[in-house]
Amino acid sequence: MLETEQLTKKFKDTIAVDDVSLVLRQGESVGLLGPNGAGKSTAIAMISTLMKPSSGDVRLNGESVLKKPGDMRRVLGVVPQKIALYEELSAYENLKFFGRLYGLSGKKLEQRIDYVVELVGLADRKKELVKNYSGGMQRRINLAAAMMHEPEVLIMDEPTVGIDPQSRNHLLETIRKLNREEGMTVLYTSHYMEEVEKLCDRVYIMDHGKVIAEGTKEELKAILSDQETVLIDFDQNYPELFAKLSEIEGVQHAAAEEHSLKLIIPKGTRLLAALFHEAERYGAQVVNVNVQTPTLEDVFLRLTGRKLRD
Amino acid sequence: MGAFLIKDIMLLLRDRSELLILLAMPFLLIAILGFSLRGIFSGDLEALEMDIALVSQGDEAQAVASLQNEIEEMGLPPGETQALKQAAESASPQTMLVSLLEDESLSELVTIERMSRAEAQESLDEETVDAVITLPQGFTEDSLRNMLFGESKSGELELLVADLSSPQTDVLKSILNEFVRTVNFEASISRLSGQQSATEVSGGIETITARQPITSFQYYTIGMAVMFVLFVGSTIARQANLEQKQMVFDRIRLSNRPPLLYLSSKAIAAAAIVSVQLILLFGLSALLFQTFAADSWAFWSGIAIISIVLALSVGCLAALMVAITLRLESDAVPAIFSGGVISLMAFVGGSFMPLDGMPELLRAIGNWTPNGAALSAYFSWLLEPELSQLAGPLLRIAAVAVIFLLLALAIFPRKGGAA
């Protein structure tokens, strides 16, 4: 349905997006996973026809949209990372304005507003000014505004940044419902691995402007099929000990986070003896050792040597 | 277009700080400046100075000679005849009036110049004189007859002033009253010396016409209005910048509406806001300060025509500022415009003080600013409600508006996206 071909965007000396090719099939939910600055938002801006690529193409049903963005814009609902709403207007007034821009009027407009505010769970608060909403409620209306013209494809750029868990769950459930129950095609970008894992059938992993891996969640995790992830919790942070453990023979990747250390090691590696020996040397107390099945986060760590939120 | 307009006006109505700048502040300044600088326009000593044109339509010498012949033929005793003939010569009211006006005590206030009727009228229109005193045909003869023979018909002066209620007019009236008292006194002496029965006589002062000059409230209502409408341009541009920053502008672009619709809606919203702003400022000023005495439809129609042209011009200015703001992706332009350029434009446009004493170049620049040209148009209309007077300033406003619009169209980022 929608595809990009060797999409590239250069800003003076920087290549923000480098030769990115994506495919979205009808009814699919596709994740674009990568850390901040990976080039996801730039890629989204080009796909949504808001930014002209330096090279490459964006196609909708086989037709390039670069010369005729109108066709693409009609089927796209874009949820930007920022709250693209008028804060001094109420949710209802915002939705009415955007609805009218899409040619809706009268009863049809009112019905559509009712539908989208119901969808995002804010029907009873639609008359309140957007500036008085919590961050999570603002993000929900941000999604509602993108849904006003009944788009076929929903493109979401980090839609859950900085919101409370309740709103986050509500938003994720809404997106899942749109995709699973209403067959809407979704392109979801995030640096939250668990969101992408929860929502998406297929995932593209981006770093430094390039797609470094792609496939279904299972296919990606298979990259780590001969490896396992060990998460060790300590009583406190031991930077020197963590550095030492990262150098243990067999450890392929290590990532420290506060009191914890995550190690990716080949299956069958004997780690525990060395771990406890070093912990004792540094006077550290091991609180918990957990061998996990690999996550997309682990895949990213394995592919880039960095964590998604670095 | 309607959706854009409603949205822009709703946003403005909910922005208290902008409303304060656009409505409350100019109104406050009108009140403060109108009251505090009232003297500059109509009350202080400098303002009492006046240039007077004296128009004499009769021949004084001939009138005196004619009267002397008549006295000769009256068959009075030689002594009386001689006394009356001397009185006729020495009591000429025109000579007395000129002597009075040229008296040393009035020389600092009054400058008098003899002119023909046409020259005097032209000078009054051009405001090079403040009043015209006309001694009509037969004035000398009628006055002398009244003085010497007590005939009921007295000579009547014609006084034409620029402003009936100004302190200058009051001073001039006092001078002429003094003149009348002098004439009466002379008449009494003459009659006594001529042993005529004493009948009270007086000269007459007839005011034919009054042309109102600009009052301080009129000046500052118009001055502040034409200045503060310019803030609408920066308000609209700031709003566009916010829309761009918050990506609402991108959402609008994604709706597939023609980009120029956005720009034209901004221009029209600005023009609509300016119209409301002018209606409120002029209306409130007229209501609370009785700024505009003229309440005829013709007068207000002229004000409306000027206001509409000004509003459209500010609309074009707003479009230009929106185009620059979106192109630069920065609110620097509206910030600089509202922070300094508007004050500069208001100064050269004459919003703060009349530009009479300013260098010619500054006045020329001011005349080509939308606010300066509008100020000039409003004042012309106040002084002389002739549509022909408005053509010049309105054409200047329109020309500048077209330039703003063409620049806006050239700068506005119509593409930027895939297309």
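Chain naming here is simple, since letters A, B, ... match the order of the sequence lines and numbering starts at 1 in each. The figures here come from the full heavy-atom set of this structure, side chains too, leaving out hydrogens, waters and symmetry mates.
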Where does [X] contact chain B at under 4.5 Å (heavy atoms): side chain, backbone, both or neither?
X: A:Ala146; value: both
X: A:Ser90; value: backbone
X: A:Leu129; value: side chain
X: A:Ile83; value: backbone

So B:Ile6 and A:Arg100, side chain to side chain contact (heavy atoms under 4.5 Å, CB included) or not? Walk me through it.
-> CA-CA 11 Å; B:Ile6 293 167; A:Arg100 288 183 71 185; 3.4 Å; yes
Exercise for review: For A:Thr49 and B:Arg253, run side chain to side chain contact (heavy atoms under 4.5 Å, CB included): C-alpha distance rounded to whole Å, both residues' side-chain angles, the deciding distance at 0.1 Å, then the answer.
Suggested key: CA-CA 9 Å; A:Thr49 72; B:Arg253 284 169 63 199; over 6 Å; no
A side-chain contact here means heavy atoms from C-beta on lying under 4.5 Å apart; do [X] and [Y] qualify?
X: B:Val248; Y: A:Phe98; result: yes
X: A:Arg74; Y: B:Asn256; result: yes
X: A:Asn142; Y: B:Met247; result: no

Given heavy-atom pairs under 4.5 angstrom as the criterion, report whether the side chain, backbone, both or neither of [X] touches chain A.
X: B:Arg257; answer: side chain
X: B:Phe4; answer: both
X: B:Leu261; answer: neither

Value for CG (B:Leu242) from CD (A:Glu87), rounded to nearest 0.5 Å, stands at 7.5 Å
CG (A:Leu89) and CE (B:Met10) are apart, to the nearest 0.5 Å, by 5.0 Å
### Query
Would B:Ile252 and A:Phe97 count as a side chain to side chain contact (heavy atoms under 4.5 Å, CB included) if you check the C-alpha gap in whole Å, the side-chain angles of each, and the deciding distance to 0.1 Å?
CA-CA 10 Å; B:Ile252 293 168; A:Phe97 169 66; 4.2 Å; yes
Per-residue tally against chain B (heavy atom, under 4.5 Å) across A:Ser48, A:Pro80, A:Ala145 peaks at A:Ala145
Heavy-atom nearest pair, B:Arg251 first then A:Tyr102, reads O-OH, 4.4 Å
Original post:
Heavy-atom count around A:Gln111 CD within 6.0 Å, excluding the residue itself: above 12?
Top reply: yes
Given A:Glu88 and B:Asp15, is the side chain to side chain contact (heavy atoms under 4.5 Å, CB included) satisfied, shown in steps? CA-CA 8 Å; A:Glu88 296 294 331; B:Asp15 191 338; over 6 Å; no
